[in-house]
Amino acid sequence: MTEGEFDLIRRLFAPLAEKEPGAFGLEDDVAALLDTDFVATKDALVAGVHFPEDERFDLIARKALRVNLSDLAAKGAKPFGYLLGCVWPTDATSAEMEEFAAGLKQDQETYKITLLGGDTTRHRRAGAPLTLSVTMFGLGPRDGVVRRNGARVGDDVYVTGTIGDAGLGLMAAQGEETFPSSDEAELHERLRLPSPRLRFGGALPGVASAAIDVSDGLVADAGHLAAASGVAIEIDAARLPMSDAAIAWRARQSDPDASITALAGAGDDYEILFTAPPERRRAIDIASQVTKTSATKIGVARSGHGVRLLNESGAQISLLRPGYDHFR
Ligand code: ADP
Ligand code: MG
């Protein structure tokens with residue numbers, strides 16, 4: 001089997017971070033800059049990989065900020081500011097760069113964050129794609145960030161919002177699936193412009209035992225949390241929160257297990273998957289009401305390892321592709 005994204009990170013990069021406890025062994029969504037309140041996270045975005053080459057430049061900018069904000073959200077951190085690296089295509093126009101900057105401005109206002117610095121360069125080779133890298137800083141909660149590694153056997157497993165919409169939006173954009181036009185617009189919007197769950201995430205410290213943002217796919221990210229915590233995660237497919245558009249799509253599919261794995265294996269949800277002991281149920285319901293963000297109990301943490309997805313009759317669904325991996 002080829003070496004996956006996470007094997008590469010473990011083999012090549014984790015040894016370079018092993019002296020610094022705040023790097024968490026490169027096994028979390030953020031690093032804590034110890035002895036300060038700051039946490040840091042970085043996500044790179046490449047045209048043709050993370051957004052279509054003909055995407056609007058303001059939306060590209062806003063997505064670049066929001067995928068990073070999602071990592072802060074899952075840790076209960078408050079966004080502060082960011083460093084921005086841009087490598088523009090040879091033929092980038094100033095109108096495109098202006099539209100990009102306008103997108104940054106809009107989301108800076110929405111999330112009350114500021115640009116801190118960065119670097120701006122240009123590709124030499126014609127056709128090389130717009131390549132972006134955002135390093136986002138946030139202020140961690142007083143009692144420390146909600147790590148990926150705190151889930152315990154017996155904890156309940158929850159996820160915010162709905163799962164699989166961005167994946168369906170991608171299928172629609174690629175012409176693999178057709179949807180009624182209003183559903184298509186909604187699904188496509190989920191893909192183009194995620195909504196990081198910052199308000200809900202802010203309520204998680206002291207309530208959740210572990211958390212991760214769902215960027216690679218529900219099953220893949222549940223797997224990352226399970227591995228970091230040393231537990232198995234069992235998810236009931238019947239409980240997966242789905243949008244009306246996803247429910248309607250699923251009703252049109254012939255294989256209910258395959259359609260669930262498609263939703264649970266698709267990336268770009270930017271929801272928060274978290275665990276909490278059963279007695280935290282009420283605190284979670286209150287957080288959900290106060291922040292107007294749904295949080296659905298989808299399963300439990302058990303002893304063992306890995307992720308099991310159970311279908312409506314309790315049978316285990318085989319998972320061929322748990323989520324997105326850039327190297328597999
Ligand atoms: P996320 O999906 O939360 O953004 P990733 O899946 O991209 O996280 O990365 C997993 C972990 O590996 C994170 O702790 C991240 O900081 C670390 N990581 C990924 N690539 C590198 C790299 N090139 N150098 C150092 N750390 C990295
Ligand atoms: Mg993450």
Side-chain angles (χ1 to χ4, degrees), residues 2 4-5 43-68 70 87 89 91-92 96 99-100 103 123 126-132 159 161-196 213-223 237 240-271 309 317-328:
T2 57
E5 181 179 341
D43 268 307
L45 291 87
V46 181
V49 179
H50 298 92
F51 54 87
E53 308 213 56
D54 60 356
E55 181 58 295
R56 264 170 48 191
F57 285 83
D58 58 333
L59 292 178
I60 297 170
R62 294 168 71 197
K63 184 166 182 177
L65 297 181
R66 289 173 179 223
V67 300
N68 280 280
S70 175
V87 191
D91 60 353
E96 289 167 350
E99 190 179 28
F100 182 83
H123 286 289
L130 174 59
T131 307
L132 302 168
V159 73
T162 58
I163 290 298
D165 299 319
L168 294 179
L170 181 62
M171 288 189 221
Q174 293 177 335
E176 291 166 12
E177 289 285 339
T178 46
F179 296 88
S181 62
S182 64
D183 286 359
E184 175 159 347
E186 188 187 306
L187 296 168
H188 204 204
E189 184 67 15
R190 273 291 301 256
L191 176 68
R192 295 172 91 187
L193 199 60
S195 304
D213 72 315
V214 182
S215 55
D216 296 336
L218 180 78
V219 169
D221 287 310
L240 271 203
M242 285 180 259
S243 66
D244 291 343
I247 292 169
W249 170 79
R250 199 165 169 243
R252 298 194 297 271
Q253 307 307 304
S254 53
D255 181 341
D257 286 2
S259 59
I260 272 292
T261 53
L263 297 174
D268 270 341
D269 288 313
Y270 299 104
E271 296 293 351
L309 188 59
I317 304 176
S318 75
L319 295 165
L320 295 174
R321 189 180 179 278
Y324 202 82
D325 182 319
H326 287 282
F327 290 84
R328 281 203 165 118

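Bear in mind that the values here come from a model prediction, so they are computed numbers and not experimental data.
Put simply, CZ on Arg192 and CD1 on Ile60 are 9.5 Å apart, with the number rounded to the nearest 0.5 Å. Expressed to the nearest 0.5 Å, how far CG of Leu168 lies from CG of Leu263 amounts to 5.5 Å. Distance CG/Leu191 to OH/Tyr270: 9.5 Å, rounded to 0.5 Å.
For Asp268, the salt bridge (Lys or Arg N to Asp or Glu O under 4.0 Å) partners two or more places apart in sequence, or in a different chain, are Lys63. In this view, Asp325 and Glu5, Phe6, Phe327, Arg328 satisfy the side chain to side chain contact (heavy atoms under 4.5 Å, CB included) rule, not counting sequence neighbours. For Phe100, the ring pair (Phe, Tyr, Trp, His ring centres under 6.0 Å) criterion is met by Trp88, not counting sequence neighbours. For Asp58, the side chain to side chain contact (heavy atoms under 4.5 Å, CB included) criterion is met by Arg56, Glu99, not counting sequence neighbours. For Thr131, the side-chain hydrogen bond (donor to acceptor under 3.5 Å, both in side chains) partners at least two apart in sequence or on another chain are His123. When the ring pair (Phe, Tyr, Trp, His ring centres under 6.0 Å) test is applied to His50, the partners found at least two apart in sequence or on another chain are His326. Residues meeting the side-chain hydrogen bond (donor to acceptor under 3.5 Å, both in side chains) test with Glu53, sequence neighbours left out: none. In this structure, the side chain to side chain contact (heavy atoms under 4.5 Å, CB included) partners of Ala237, at least two apart in sequence or on a different chain, are Ile260, Leu309, Ile317. Applying the side-chain hydrogen bond (donor to acceptor under 3.5 Å, both in side chains) criterion to Asp216, with sequence neighbours excluded, gives no partner residue. Here Asp269 pairs with nothing under the side-chain hydrogen bond (donor to acceptor under 3.5 Å, both in side chains) rule; sequence neighbours left out.
Contact detail for Gly323 and Ala220: the closest heavy-atom pair is CA-CB, 3.7 Å. Here the closest heavy-atom approach between residue Pro129 and residue Ala47 is recorded as CB-O, 3.6 Å. The minimum heavy-atom distance between Asp165 and Ser243, with the atom names listed, is OD1-OG, 2.6 Å. Of all heavy-atom pairs between Val214 and Gly217, the closest is CG1-C, 3.6 Å. Contact detail for Gly167 and Ala266: the closest heavy-atom pair is CA-CB, 3.6 Å.
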Let me check something: any side-chain donor-acceptor pairs from residues 171-186 under 3.5 Å, sequence neighbours excluded? List them with distances.
unit_1, atom_1, unit_2, atom_2, d
Glu177, OE1, Trp249, NE1, 3.2

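Sorted by first then second residue, the salt bridge (Lys or Arg N to Asp or Glu O under 4.0 Å) pairs that include residues 243-260, not counting sequence neighbours, are Arg250-Glu312.
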Intermediate values then yes/no, side chain to side chain contact (heavy atoms under 4.5 Å, CB included), Thr261 and Leu319: CA-CA 7 Å; Thr261 53; Leu319 295 165; 3.7 Å; yes
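With a 4.5 Å cut-off on side-chain heavy atoms, Val67 and Ser215 do not count as touching. Two residues are said to be in side-chain contact when any heavy atoms from C-beta on lie closer than 4.5 Å; Phe51 and Leu59 fail this criterion.
Thr162 and Arg190 share a donor-acceptor pair across their side chains, judged by distance under 3.5 Å alone.
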